[in-house]
S.K.: 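This is the structure I have questions about; it appears just below.
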Amino acid sequence: MLLIDPLVEPPNVHLDLPGSKSITNRALIASALASGTSELSGVLFSEDTHVMIDSLRKMGVAISLNTDSSSASVLGAGGALKGPSETLWVHQSGTTARFCLPLAALCGVEVEIDGDEQIKSRPHRELCEALESLGVQIEYLGAPYTFPLRVNGENLKGGQVTLRGEISSQFVSAVLLAAPCFPEELEIIVEGDLVSSPYVDMTIAVMRSFGADITRISDKRYAVAPTGYSNASYLIEPDASAASYFFAAAAVSGGTITIDGLGSQSIQGDIAFLDVLEEMGAEVVRSATSLSVTGTSSFSGVDVSMATMSDTVPTLAAIAPLASGPTTIRDISFIAKKESDRLGALVSELGKVGIDAEKTETGIIIHPGDPQKATVHTYDDHRIAMAFSILGLMSSGITLDSPQCVAKTFPTFFDVLDQVRAAGDAKLRVLAIDGPAGSGKSTLAKKVAEQLDLSYLDTGAMYRSVAAVALSESAELDDEAKIAAIADRIVIRFDGESVDVDGEDLTETIRGPQVNAAVSQVAANPGVRSVMRRQQRTWARIRGGGVLEGRDIGSVVFPQARLKVYVTATPEERARRRSLESGRTVEDITEEILQRDTKDSTRGDSPLVADQDAVVIDTTGKTIQETADYIEKLFLR
Ligand code: DC
């Protein structure tokens, strides 16, 4: 559950968004099939791209990842993919499921592919039939034309193949991507309308960057020469579908949001969403290296065909209630077969927030209205979750029932959303107190909070609570997804002293030796940190500020805090204080403290550091009162 905090100030921000999912997965395939090593930068790391990476690795491609620099180095198989020794598991990823079918055929041996229930219920028949017409044998291990299935491409040939285009452009892209490694030239003919055609253009653009030879005979006819791919250095653009949420947020809030690194020459069709916002009244500035939207006083309804940018339909539908007139979205019946039945989902969830929306023959009409407090069901569909988050910025009381589904394509979505709230957050009376274990920051934070008449939050107690619940459920601490799900599920209440988790008093438990031993690992889990950051920011927004004490408050949670303090003391002094509190020996505690310091300051996500704007205070030899008075003076200055 996540209650979306409304915006209190219009944003004025530049955002760096993660790389495009669609380009990442295409570039991974082209470089996996190329000869030599390709260097990809701007890579998106999300569930859908990890699924692709795992599948390619199983087919013998060596891929090394650098999550800090968002880059990947891919040693291509030169078109000779290996038969995997285990089933390819495509989870819920549509691109991986569709793209891996022809890739599996390139292995020339039997390859089994399977995935989650959600992907099994999406359409794949047209693609399977097209591959069968090219000599690929497919054995359906469950229902026909879906997963699980077994592909055998030993008799794969080139020639001509016909595909229907009304259901998904991914069928065409899938065959195109594998075609340079076919034994002979392949001609692809698209029958009927081609939905989402910009995605086929994107596929061709990426393929050409890796040396593929594609002739576009017409809009619906392509010839691909059997040249294979060459390795390349390739920069992936930020994700335009992800950008749509922020463009929408600017348009409805009257603020300005600029996305850097995404320009007017983008190969992603979803940048056409800007034309829709412009028609509704927003001001759009396009340059070669950035795109920017400013909301104006006018925001009118629109009548628009979105067949070529269907991933942005939920974005438009979620902000449409705020327009002055009705919005009609046309030509998108096919989105009923995406991660969820998106048309059904939108009508139903808009209804829950009190908005009148109805399905039409090919799309949806949304009427203007005043959104009401409600819990929105996300259908485990990342785009439904992200779209309703934008509506939640503009009205109070919108809660998402399963916010973590954004991880499919945009694991850092809620952190970026918090950057949109930065102007409002800068007005909060936040005092950030960070420092290592035993530095005296808890006692100090409590005291200063009292003196300043602010609420106090011990954020370490929150990480400890997650660790305590994980231990009580005997969860494996290195199962990051499971521990993050615990963080997301539990409700932690902290009243300045005691800690209550889901109605149970855990005040004692969270200070016990088992939690002490486990908490650093739990606190190093990026999924846990993301949930905790969200909760800590909400805690302060509700109270207009507060004293938050931890490790990353000034550096990450509230970089715009009114005052940041970094408290420290010598390890001996810190151990002496803990020894007085616990009765354990100083030596024993020094060892534990030093170990925990190392873990906290060397982890990848938000390591313990003194922020450059922080006032560093060494409390060795000082009384609590002295330091508290000093901090109070700095805060009120
Ligand atoms: O302050 P403490 O000892 O109760 O913190 C417990 C653990 O949680 C410690 O390993 C550091 C971690 N922590 C963190 O990583 N970030 C915070 N904001 C607070 C605590």
Side-chain angles (χ1 to χ4, degrees), residues 415 418 430-446 449 456-471 477 480 483-484 486-487 490 492 494 496-499 501 506-540 546-559 561 564-569 571 574-575 577-579 581-582 584 589-611 614 619:
D415 277 310
D418 274 329
V430 168
L431 168 56
I433 303 188
D434 292 301
S439 56
K441 59 189 187 322
S442 304
T443 326
L444 200 62
K446 241 181 275 181
Y456 155 64
L457 182 64
D458 172 358
T459 63
M462 299 173 71
Y463 290 95
R464 287 172 177 275
S465 300
V466 178
V469 175
L471 291 171
L477 295 186
E480 291 200 340
I483 307 296
I486 292 176
I490 62 177
I492 307 168
F494 176 75
E497 204 66 60
S498 59
V499 176
V501 178
L506 293 190
T507 316
E508 301 271 305
T509 318
I510 65 163
R511 307 280 164 204
Q514 279 146 332
V515 170
N516 275 344
V519 67
S520 291
Q521 189 177 353
V522 169
N525 179 330
V528 172
R529 299 204 73 81
S530 157
V531 174
M532 296 294 109
R533 282 197 291 269
R534 258 166 29 202
Q535 295 184 0
Q536 290 154 16
R537 291 179 184 134
T538 296
W539 177 90
V547 180
L548 292 94
E549 165 253 306
R551 302 291 192 287
D552 60 341
I553 308 301
S555 53
V556 181
V557 181
F558 278 111
K564 303 178 193 179
V565 174
Y566 187 87
V567 212
T568 176
R574 287 154 52 200
R577 291 178 189 160
R578 286 265 151 123
S579 159
E581 284 167 14
S582 65
R584 290 164 58 206
I589 296 177
T590 311
E591 181 60 27
E592 188 184 298
I593 279 185
L594 290 176
Q595 273 179 13
R596 211 129 59 82
D597 281 0
T598 311
K599 278 195 189 151
D600 291 341
S601 31
T602 52
R603 67 179 173 226
D605 188 333
S606 326
L608 169 68
V609 278
D611 188 78
T619 60

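Heavy atoms only: backbone and side chains are in, while hydrogens, waters and symmetry mates are out. Remember, it's 1-based here, ligands and their atoms both numbered in the order they're listed.
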S.K.: Heavy-atom distances under 4.0 Å decide this one: backbone, side chain, both or neither, for Q595 against ligand 1?
M.R.: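 Under 4.0 Å from ligand 1, Q595 contributes no heavy atoms.
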
S.K.: Output yes when the distance from some N or O of ligand 1 to some N or O of Q536 is under 3.5 Å, and no in every other case.
M.R.: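 No.
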
S.K.: Considering only the protein, which heavy-atom contact is closest to atom 13 (N) of ligand 1, and what is its distance?
M.R.: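 Closest protein heavy atom to atom 13 (N) of ligand 1: R551 CG, 3.5 Å.
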
S.K.: Select one of side chain, backbone, both or neither to describe which atoms of K599 lie under 4.0 Å from any atom of ligand 1, heavy atoms only.
M.R.: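 Under 4.0 Å from ligand 1, K599 contributes no heavy atoms.
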
S.K.: Below the 3.5 angstrom mark, is there an N/O of R529, backbone or side chain, next to an N/O of ligand 1?
M.R.: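 The answer is yes, given that R529 and ligand 1 share an N or O pair closer than 3.5 Å.
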
S.K.: Only heavy atoms of G550, strictly under 4.0 Å: list the atoms of ligand 1 that pass.
M.R.: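 The list of qualifying atoms is 17 (C), 18 (N), 19 (C).
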
S.K.: Tell me which protein heavy atom sits closest to atom 11 (C) of ligand 1, plus the residue, atom name and distance to 0.1 Å.
M.R.: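 Sorting protein heavy atoms by distance from atom 11 (C) of ligand 1 puts D600 OD2, 3.3 Å first.
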
S.K.: For M462 and ligand 1, answer yes if some heavy atom of the residue is under 4.0 Å from a ligand atom, otherwise no.
M.R.: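 The answer is no: ligand 1 sits nowhere under 4.0 Å from a heavy atom of M462.
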
S.K.: For atom 7 (C) of ligand 1, find the nearest protein heavy atom and state the residue, atom name and distance (0.1 Å precision).
M.R.: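 Answer for atom 7 (C) of ligand 1: V519 CG2, 3.5 Å.
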
S.K.: Distance under 4.0 Å to a non-hydrogen atom of D552: what atoms of ligand 1 satisfy this?
M.R.: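 This gives 16 (N), 17 (C), 18 (N) as the contact atoms.
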
S.K.: For R511, counting its heavy atoms only, list the atoms of ligand 1 lying under 4.0 Å from any of them.
M.R.: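 In order of numbering, the contacting atoms are 4 (O).
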
S.K.: Would you say Q521 touches ligand 1, if touching means a heavy atom closer than 4.0 Å?
M.R.: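 No, Q521 has no heavy atoms under 4.0 Å from ligand 1.
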
S.K.: I'd like to check which ligand 1 atoms, numbered from 1 as shown, lie under 4.0 Å from a non-hydrogen atom of R464.
M.R.: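 Once the distances to R464 are compared, the set is 2 (P), 3 (O), 4 (O), 6 (C).
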
S.K.: Look at atom 12 (C) of ligand 1 and find which of A523, S520, A461 reaches it with the closest heavy atom.
M.R.: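 Answer by nearest heavy atom: A523.
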
S.K.: Which residue and non-hydrogen atom of the protein lie closest to atom 19 (C) of ligand 1, and at what distance in Å?
M.R.: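 So the nearest neighbour among protein heavy atoms is T459 OG1, 3.3 Å.
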
S.K.: Under a 4.0 angstrom heavy-atom cut-off, which atoms of ligand 1 come close to K441?
M.R.: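 Ligand 1 atoms under the 4.0 Å threshold to K441: 1 (O).
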
